[in-house]
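Below you'll find the structure, written out as structure tokens, and then a few comments.
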Amino acid sequence: MIHTMRWFGPNDPVSLMDIRQAGCSGVVSALHQIPVGDVWTLSEIENRRKLIEAKNDQYSTLAWLVVESLPVHEDIKKGLPSREFYIENYKQSLKNLSASGIKTVCYNFMPVLDWSRTALDYEMPEGSKTLRFVWVDFAIFDLFILKRPGAELDYEPETRIAAESKFQGMSSYQLSVLTNTVLLGLPGSEEAFNLAVFQSLLDEYAHITDSQLRQNLYYFIAQITPLAQELGVNLCIHPDDPPRSLLGLPRVVSTESDFEQLMHACDVRANGITFCTGSLGVREDNDLPGMIRRFGDRIHFVHLRTTKREEGTRNFHEAPHLNGDVDMYDVVKALLKEEKRRKEAGYADSALPMRPDHGFQMLDDLHKKTYPGYSAIGRLKALAELRGLEMGISGSLNI
């Protein structure tokens, strides 16, 4: 696999030299400064690409291999008439990325929020910190902080009782931390939504069903994929995180069946998948190695991480990369076999770009401010473990 790391741009406390020294040859980045829905101009793309490549004449080379993400405007997700304007902008951005040599574009179709957690500093037994999702805490936010109309229908009676009891004992500071954590915006941004604004965004989805959101996704894909195929650009959708409905919003990229429907909606290779083992692994019913075997030709980008489902609850936390619920040995083995199949078939893109996802905050990084899940040392540790696993499996398979 091609080893990469995510880089949020010039303000990222993790530098390009840090990424280079970790052993990466690829960078995953995005133009977070451009408002969602606006065209990514060729000049802005080239500025970022040149910044990434700036020291290639002095050190080992880095290349901007993957865009994560080129965000989809909410009007497209809601299927509004204005979506045509934003789809045309999206197409122009794809043209500009292709012209700059960037051929892998990750996106997601989650309404309103990109991802959801209830804690960013869950302490592990050895003292490192990671991300966690607690169902009762999320219910506290939904029922007693946001006070979303009809929210009580989405929670079991025992969850509502536990949430109310815990809410009564929380300080204003604890409630503020929980609110800011849930409302954290798109990755790469430290801004959170205002509660009233957030509720208004949810209200706009009040009449959008699971079926309607799927159809809006399939329409979007049908419009942009032929161009992507022509440009040689691989689109790869990121699964829902977490892979279940929250806040009354439908989630339509959570299971193998969801992927199968999406692949059939536009049956060309450019309509592909970001295979995120962490997001998919939250659900016990997702057979990750089997999904790689069945959808291998459509996997264009890989996120390797694992979570730990907490027994008897809907809670989970990020786990050490080789020790969570995801069988990382079987996953990496399946990915390497897919790469081998591609190489033998003569694919130009036989090697999959992979990045270690959501590293722990640990060692010196415990004293630094970094993007949640994206500290340097935790991802360095994860990449080292994954590279060792990859090498061992490659040797055993004679790849």
Side-chain angles (χ1 to χ4, degrees), residues 2-73 86 88-108 114-115 185-191 224 227-228 231-238 270 272 274 300-303 349 351-357 359 369-376 379 383:
I2 305 171
H3 303 141
T4 73
M5 277 192 186
R6 193 172 193 177
W7 185 60
F8 290 103
N11 295 326
D12 194 329
V14 178
S15 71
L16 290 167
M17 284 300 293
D18 293 338
I19 291 172
R20 180 180 274 114
Q21 289 171 24
C24 294
S25 59
V27 172
V28 177
S29 196
L31 304 181
H32 297 290
Q33 72 274 21
I34 297 179
V36 175
D38 285 7
V39 171
W40 287 18
T41 64
L42 185 58
S43 62
E44 290 276 11
I45 294 167
E46 280 291 291
N47 286 342
R48 176 60 55 87
R49 185 183 65 79
K50 289 174 182 177
L51 190 60
I52 290 169
E53 297 177 357
K55 295 186 178 180
N56 283 356
D57 59 338
Q58 299 172 263
Y59 302 101
S60 57
T61 60
L62 286 178
W64 186 7
L65 294 184
V66 181
V67 166
E68 185 182 351
S69 297
L70 180 57
V72 179
H73 196 276
Y86 292 112
E88 289 305 311
N89 281 2
Y90 207 96
K91 289 179 179 179
Q92 187 58 54
S93 295
L94 291 177
K95 291 177 183 177
N96 294 341
L97 286 166
S98 176
S100 197
I102 301 164
K103 301 292 188 177
T104 304
V105 176
C106 174
Y107 70 100
N108 76 69
D114 234 15
W115 54 276
L186 295 172
S189 170
E190 295 178 320
E191 298 178 2
I224 65 168
L227 172 64
L231 295 170
V233 170
N234 287 325
L235 302 168
C236 39
I237 193 166
H238 190 287
T274 295
H300 302 312
F301 181 34
V302 179
H303 292 178
D349 58 347
L352 286 162
M354 174 276 284
R355 70 172 179 84
D357 202 7
K369 182 175 175 58
T370 60
Y371 293 109
Y374 291 96
S375 57
R379 286 186 293 163
L383 182 59

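Just so you know, these numbers come straight off a predicted model, no measurement behind them.
- Rounding to the nearest 0.5 angstrom, the gap separating the CD1 atom in Ile102 from the CG atom in Leu65 is 9.0 Å.
- The two residues Tyr90 and Leu70 come nearest to each other via the heavy atoms OH-O, 2.7 Å.
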Counting only pairs under 3.5 Å, give me each side-chain donor-acceptor contact of residues 35-44, with atom names and distances, residues two or more places apart or in other chains.
{"from": "Thr41", "atom 1": "OG1", "to": "Ser43", "atom 2": "OG", "distance (Å)": "3.2"}
{"from": "Thr41", "atom 1": "OG1", "to": "Glu44", "atom 2": "N", "distance (Å)": "3.2"}

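- Scanning both residues, Ile45 and Trp64, for their nearest heavy atoms gives O-CZ3, 3.5 Å.
- Taking Leu227 as the reference, Lys91, Lys95, Leu231 meet the side chain to side chain contact (heavy atoms under 4.5 Å, CB included) condition, with sequence neighbours excluded.
- The two atoms that bring Ser69 and Arg6 nearest to each other are N-NH2, 4.3 Å, heavy atoms only.
- Listed by chain and number, the residues in a side-chain hydrogen bond (donor to acceptor under 3.5 Å, both in side chains) with Asn89 amount to none (sequence neighbours excluded).
- Closest of all the heavy-atom pairs between Leu62 and Leu16 is CD1-O, 3.6 Å.
- In this structure, Thr4 and Cys24 approach most closely via the heavy-atom pair C-SG, 3.6 Å.
- The CZ atom of Arg48 lies 7.5 Å from the NE2 atom of His32; values are rounded to the nearest 0.5 Å.
- By the side-chain hydrogen bond (donor to acceptor under 3.5 Å, both in side chains) test, Arg355 is found to be paired with Glu68, His303, Asp357, Tyr374, residues two or more places apart in sequence or in another chain being considered.
- The distance from the CG atom of Asp114 to the NE2 atom of His238 is 8.5 Å, given to the nearest 0.5 Å.
- By the 4.5 Å heavy-atom criterion applied to side chains, Val233 and Leu97 are not counted as neighbours.
- Note that the OG atom of Ser93 and the CD1 atom of Ile34 stand 7.5 Å from one another [nearest 0.5 Å].
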Test side-chain contact (heavy atoms from CB on, under 4.5 Å) on Val27 and Glu53; report intermediate values, then the result. CA-CA 10 Å; Val27 172; Glu53 297 177 357; over 6 Å; no
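- With sequence neighbours left out, the side-chain hydrogen bond (donor to acceptor under 3.5 Å, both in side chains) criterion links Ser15 to Asp18.
- Residue Leu235 holds its CG atom at 12.0 Å from NZ of Lys103, rounded to the nearest 0.5 Å.
- The CD1 atom of Ile237 sits 3.5 Å away from the OH atom of Tyr107 when rounded to the nearest 0.5 Å.
- A pairwise comparison of heavy atoms in Cys236 and Thr274 identifies O-OG1, 3.0 Å as the closest pair.
- Residues Pro10 and Leu51 are in side-chain contact: their nearest non-hydrogen atoms beyond the backbone lie under 4.5 Å apart.
- Remark: Lys55 engages Met17, Arg20, Gln58, Tyr59 in a side chain to side chain contact (heavy atoms under 4.5 Å, CB included) (not counting sequence neighbours).
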